[in-house]
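Just so we're on the same page: letters track the sequence lines, and every chain starts at 1.
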Protein chains: 2
Amino acid sequence: MAAVITSPPKGSRAARTRATEDRILSVALESFGTKGFDSVSLDDLAADLGITKQAILYHWSSKRVLLDAVIDRAALELIIEFDGALSEEGSGWSRVESIVRRIFRVAMRRPELLGFIREISRIGGDASLRVTADLEPFVSRATTYFEREMDEGRIRRCDPGLLLVSAYSTVLGAATEVEVLRAVGIEPTLRSTVVRRRELLAFLHAAMVAPQG
Amino acid sequence: MAAVITSPPKGSRAARTRATEDRILSVALESFGTKGFDSVSLDDLAADLGITKQAILYHWSSKRVLLDAVIDRAALELIIEFDGALSEEGSGWSRVESIVRRIFRVAMRRPELLGFIREISRIGGDASLRVTADLEPFVSRATTYFEREMDEGRIRRCDPGLLLVSAYSTVLGAATEVEVLRAVGIEPTLRSTVVRRRELLAFLHAAMVAPQG
DNA sequence: GGGAATGTTTACCACTTGGTAAGTAAATCG
DNA sequence: CGATTTACTTACCAAGTGGTAAACATTCCC
């Protein structure tokens with residue numbers, strides 16, 4: 001009862017705990033992102049990890065709480081990825097190009113990450129609001145970036161918030177593309193995706209942008 | 001036992017059966033497309049319809065068989081939508097523009113339809129192969145169209161199959177955008193979506209297409 | 001060493017799931 | 001009319017779900 005906080009974790013036990021939780025979160029993110037939250041039972045998850053379901057519930061009180069933790073991790077990793085993208089060198093369109101390439105690269109490398117975002121946007125409720133909040137640093141930085149680009153005449157002027165939503169769903173679209181390619185039996189490569197996307201954008205640009213009317 | 005096939009359905013009973021099955025398929029497509037196959041139980045579905053789960057199982061022997069039927073319906077409706085898009089008037093880029101606009105309009109009007117496609121592409125297995133087969137007429141027609149456009153120099157030359165995959169996932173991206181907008185609390189309109197998309201495409205075009213290197 | 005956290009398992013429970021069996025009201029047909 | 005098929009409902013079941021309680025093993029600390 002004497003509220004002496006346990007001594008600072010030295011290495012062995014607390015570290016092992018954190019390692020276990022890390023493994024669980026990692027596998028959960030992968031499974032939830034690719035198969036969907038409701039399609040993955042705690043038993044499935046535990047079997048993948050070679051532990052029992054109760055070991056998971058020891059670390060998080062319910063499946064829903066685990067989801068929140070997974071959301072936290074996904075948001076963190078997304079922020080890291082996007083941060084990296086936004087810190088690209090260069091300026092103007094060459095920088096934009098680097099950013100877009102890098103975001104597509106995330107979709108190639110971590111399809112489950114973006115699939116998970118789509119998943120929780122479907123589940124809705126508090127979760128999606130949480131993600132919005134967690135991504136706030138990225139949102140404000142991107143908005144600032146968009147506004148500067150517009151000020152300097154490199155992007156046509158429009159609501160940066162809406163532009164961000166569009167870009168956001170475009171990223172999800174890239175993830176979808178990876179999934180679709182795999183479903184059709186084509187193993188996507190970064191090179192092929194970028195090349196294809198360039199063709200597609202040329203195609204769509206002419207359709208939607210060029211002939212104004 | 002004498003295998004006389006029941007007389008051709010005149011009106012009342014068989015018609016009622018078909019009407020019920022139609023209602024079930026419609027609600028199932030809506031639910032599966034927005035919430036996901038595993039997230040919707042037969043009881044949920046039945047409750048939405050004001051009937052019992054067993055009434056559903058009377059018409060289809062299992063939930064999986066029902067899914068197949070829903071897939072059939074979704075594929076049919078998609079083909080109709082895409083057929084309509086491909087039969088647009090005009091030629092060259094103006095026709096391409098009409099097609100793309102019309103496909104985005106599908107994403108606006110029937111988000112559950114495209115959400116469902118994404119859902120079954122995630123479920124994988126036979127289902128996604130089925131859809132590929134069901135969409136074959138559309139695929140071959142679109143491919144022919146792409147090839148003609150490339151022959152006549154209106155689209156940069158590339159693999160039409162890959163171009164189609166890109167367009168396909170772009171449509172899914174459009175559906176995602178609608179979902180995301182709704183999640184964020186913005187009720188999307190066709191006009192806003194088209195305008196925003198035009199800005200986005202201008203943005204991405206310059207990033208991916210213009211500065212070639 | 002002994003005792004207390006800590007991490008995990010075995011055993012179990014209430015509830016939901018997809019699915020079956022049997023019964024029933026109404027339409028159809030001889 | 002009576003018999004049969006059709007379109008359902010009520011009653012039920014085995015399996016799987018998320019979650020709890022208690023036992024067990026290991027590490028930590030004195």
*So does A:Ser41 get a side-chain nitrogen or oxygen closer than 4.0 Å to the phosphate oxygens (OP1/OP2) of D:dT17?*
yes

_Taking the nucleotide of DNA chain C with the nearest heavy atom to each, does B:Ser61 or B:Asp44 sit closer to the 5' end?_
B:Asp44

*Reckon B:Thr20 has a side-chain N or O less than 4.0 Å from the OP1 or OP2 of D:dC8?*
yes

*Reckon A:Leu57 touches a base, only the sugar-phosphate, or nothing at all at heavy-atom distances under 4.0 Å?*
base

_Nearest non-hydrogen partners of A:Leu29 and A:Glu112, listed with the distance_ = O-CG, 4.0 Å

*Where the side chain of A:Gln54 is defined as all heavy atoms beyond and including C-beta, which of D:dT17, D:dC8, C:dT10 is the nearest nucleotide?*
C:dT10

*Using the closest heavy atom to pick a nucleotide of DNA chain D for each, name whichever of A:Asp38 or B:Glu21 lands nearer the 5' end.*
B:Glu21

*Closest to the B:Lys53 side chain: C:dT8, D:dT6, C:dG18?*
C:dG18

*Which one of A:Leu67, A:Val70, A:Leu66 satisfies the side chain to side chain contact (heavy atoms under 4.5 Å, CB included) criterion with A:Phe37?*
A:Leu67

*Considering only NZ, NE, NH1 and NH2 on the basic side and carboxylate oxygens on the acidic side, decide whether B:Arg109 and B:Glu81 come within less than 4.0 Å.*
yes

_Categorize A:Thr52 for me: base, sugar-phosphate, or nothing, with a 4.0 angstrom heavy-atom threshold over every strand shown._
base

*Using whole Å, report how far CG of B:Leu42 lies from P of D:dC13.*
20 Å

*To the nearest Å, how far apart are A:Leu49 CG and C:dT9 P?*
11 Å

*asked:* Between A:Asp22 and A:Arg73, does any NZ, NE, NH1 or NH2 come within less than 4.0 Å of an OD or OE carboxylate oxygen?
replied: yes

*Roughly, in whole Å, what's the span from CD1 in A:Ile56 to P in D:dG19?*
11 Å

*C:dG19 base / B:Lys63 side chain donor-acceptor hit below 3.5 Å*: no

*Would you mind reading off the distance between A:Trp60 atom CH2 and D:dG18 atom P, rounded to a whole angstrom?*
15 Å

*asked:* Could you tell me how far apart A:Tyr58 (OH) and D:dC24 (P) are, to the nearest whole angstrom?
replied: 18 Å

*Before accepting this row, confirm whether a basic side-chain N of the pair A:Glu30/A:Lys35 lies closer than 4.0 Å to the acidic partner's carboxylate O.*
no

_Just N and O in the side chain of B:His59: are any of them under 4.0 Å from OP1 or OP2 of D:dT6?_
no

